[in-house]
Novice: 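Right, I'll just put the structure down here and ask away after.
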2 protein chains.
Amino acid sequence: MRLSTRGQYGLRAMCVLGIKYGEGNIPLRLIADQENISLQYLEQIFRQLRRAGLVESARGAKGGYHLARDPVDITVGDVVRTLEGPIAPVECLSGGEECSRQDECLTREAWYRLQQSMKEALDGITLGYLCRGKPADQRRDKEKKHESRR
Amino acid sequence: MRLSTRGQYGLRAMCVLGIKYGEGNIPLRLIADQENISLQYLEQIFRQLRRAGLVESARGAKGGYHLARDPVDITVGDVVRTLEGPIAPVECLSGGEECSRQDECLTREAWYRLQQSMKEALDGITLGYLCRGKPADQRRDKEKKHESRR
DNA sequence: CCAATCCTTACCTCATAGGTCGGAATTATA
DNA sequence: TATAATTCCGACCTATGAGGTAAGGATTGG
């Protein structure tokens with residue numbers, strides 16, 4: 001019952017974008033260094049996130065990624081489903097085809113309840129919540145720098 | 001976020017024992033046939049369940065397995081933890097060693113909440129509940145067969 | 001004694017996780 | 001316009017673990 005590293009890295013990276021939301025494009029190089037994740041692996045992960053519509057990208061110099069919408073409108077469930085597939089503890093609950101033994105299956109109810117709990121937990125937490133407090137601090141620091149420079 | 005087949009097969013098999021609770025030893029051969037699981041794979045699974053104290057065994061002819069305690073005192077969580085290891089979506093929540101980056105880690109809270117949800121769900125369902133209603137029916141059928149044969 | 005059953009160790013095979021590699025396409029800026 | 005910084009892409013690699021099999025020993029009821 002473990003997440004893969006894609007899900008873990010993915011959420012960490014999305015938190016970084018959440019903190020820097022509104023600051024334009026963030027290059028993966030930055031996230032890779034900060035979070036100590038291989039750049040090329042991150043690229044793979046972000047390809048998925050982009051196709052899922054959670055982030056938007058800009059190529060070329062000064063390019064990078066930014067969240068496609070406000071952090072409070074992106075849930076952990078969004079990220080996990082994108083990188084780990086459907087939230088389902090057993091195959092027969094992953095949508096798609098139904099199990100033919102549904103009726104006799106005594107264990108189905110247990111897995112179904114587990115699934116509901118997991119969904120509720122993951123869909124009930126947003127990036128905005130995880131990053132709460134952080135953006136302001138960051139931004140203050142940044143403004144200070146700007147001021148002292150000019 | 002999937003369970004392995006060990007967990008799934010294990011719970012199904014435990015349900016069979018739950019239904020037949022009080023009927024003495026049940027040989028794995030029976031469960032293997034009924035649930036369409038390889039006998040040798042089931043043996044592996046039951047070795048773990050026995051060591052964890054969830055079932056008791058008797059060797060030799062008329063041997064087999066039975067639940068170590070009443071089905072209502074065995075939770076799905078007991079079975080899953082035995083066969084799948086600690087219920088933890090990420091390594092750093094699986095007990096043992098603490099993560100050194102706990103404080104800065106923004107994602108930890110999300111995984112922690114997920115973990116709690118999963119635990120609550122799994123520990124809140126007992127074998128007795130999953131098997132409710134079944135034992136009586138089974139037993140009636142069995143008695144009928146005996147009567148009609150003799 | 002023998003058939004049924006659990007018990008144990010060892011082994012096998014394949015899919016997947018968890019990446020790496022090399023290069024092409026795009027863009028800001030000097 | 002050259003160059004450096006970036007995203008984008010497909011192919012590839014490797015170790016690990018899932019999901020079993022195999023062969024035989026130990027124990028027990030009839």
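Throughout, a chain's letter reflects where its sequence line sits, starting with A, and its residues are numbered from 1. Small disclaimer: the values here were computed from a predicted structure and weren't measured.
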Novice: Return the value, rounded to whole Å, for the distance between atom CG of A/L30 and atom C1' of D/dA5.
Specialist: 13 Å
Novice: What do you reckon, is CD of A/E91 surrounded by more than 12 foreign heavy atoms closer than 6.0 Å?
Specialist: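 Atom CD in A/E91 is not packed in, count stays at 12 or less.
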Novice: Can a side chain N or O of A/S57 be found less than 4.0 Å away from OP1 or OP2 on D/dT6?
Specialist: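 Indeed not, no polar side-chain atom of A/S57 lies that close.
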Novice: Counting C-beta onward and ignoring hydrogens, is there a side-chain heavy-atom pair between A/L3 and B/M1 closer than 4.5 Å?
Specialist: yes
Novice: Is any side-chain heavy atom of B/L11 closer than 4.5 Å to one of B/L130?
Specialist: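 Yes, close enough: below the 4.5 Å cut-off.
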Novice: Might you point out which heavy atoms bring B/L83 and B/R6 nearest each other, and give the distance in Å?
Specialist: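 Scanning both residues completely, I find the closest heavy atoms to be CD1-O, 3.4 Å.
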Novice: Would the base of C/dC6 count as contacting B/E43 through its side chain, where contact means a donor and an acceptor less than 3.5 Å apart?
Specialist: no
Novice: Mind running a 4.0 Å heavy-atom check of residues 78-88 of chain A against DNA chain D and sending the residues that fall below it, in number order?
Specialist: none
Novice: Rounded to the Å, how far apart are A/N25 CG and C/dT26 P?
Specialist: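 That distance rounds to 17 Å.
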Novice: Can you see whether B/F46 has B/R50 sitting over its ring - NZ or CZ less than 6.0 Å from the centre and within 45° of the normal?
Specialist: no
Novice: Where along residues 45-52 of chain A does a heavy atom fall under 4.0 Å from DNA chain D?
Specialist: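 Going residue by residue through residues 45-52 of chain A, the ones with a heavy atom under 4.0 Å of DNA chain D turn out to be A/R47, A/R50, A/R51.
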Novice: Do B/E43 and B/R47 sit within salt-bridge range, that is, some charged N less than 4.0 Å from a carboxylate O?
Specialist: no
Novice: Between the protein and nucleotides 26-30 of chain D, which nitrogen or oxygen pairs come in under 3.5 angstrom?
Specialist:
unit_1	atom_1	unit_2	atom_2	d
D/dA26	N3	B/R59	NH2	3.3
D/dT27	O2	B/G60	N	3.3
D/dT28	O2	B/A61	N	3.1

Novice: Check the distance between C/dC7's C1' and B/Q40's CD and give it to me in whole angstrom.
Specialist: 12 Å
Novice: Would you tell me if any nitrogen or oxygen in the side chain of B/S4 comes within less than 4.0 Å of OP1 or OP2 on D/dG17?
Specialist: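 No.
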Novice: Give a yes/no on whether any side-chain N or O of B/Y9 is located under 4.0 angstrom from OP1 or OP2 of D/dA18.
Specialist: no
Novice: Classify the angle between the aromatic ring planes of A/Y9 and A/Y41 as parallel (below 30°), tilted (30 to 60°) or perpendicular (above 60°).
Specialist: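 Geometry flag for A/Y41 against A/Y9: perpendicular rings.
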Novice: When the distance from CG of B/N36 to C1' of D/dG19 is rounded to whole Å, what number comes out?
Specialist: 15 Å
Novice: If we only count heavy atoms from C-beta on, is the A/I31 to A/Y65 side-chain gap below 4.5 Å?
Specialist: no
Novice: May I have the distance from A/I37 (atom CD1) to C/dG19 (atom P), rounded to whole angstrom?
Specialist: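 Going from CD1 in A/I37 over to P in C/dG19 covers 9 Å.
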Novice: Please confirm whether the shortest side-chain N or O distance from B/S38 to OP1 or OP2 of D/dT21 is below 4.0 Å.
Specialist: yes
Novice: In terms of side-chain heavy atoms of B/Y41, which of D/dG20, C/dA17, C/dG22 is nearest?
Specialist: D/dG20
Novice: Please tell me which of the listed nucleotides, C/dA10, D/dA23, C/dC6, lies nearest to the side chain of B/Q44?
Specialist: C/dA10
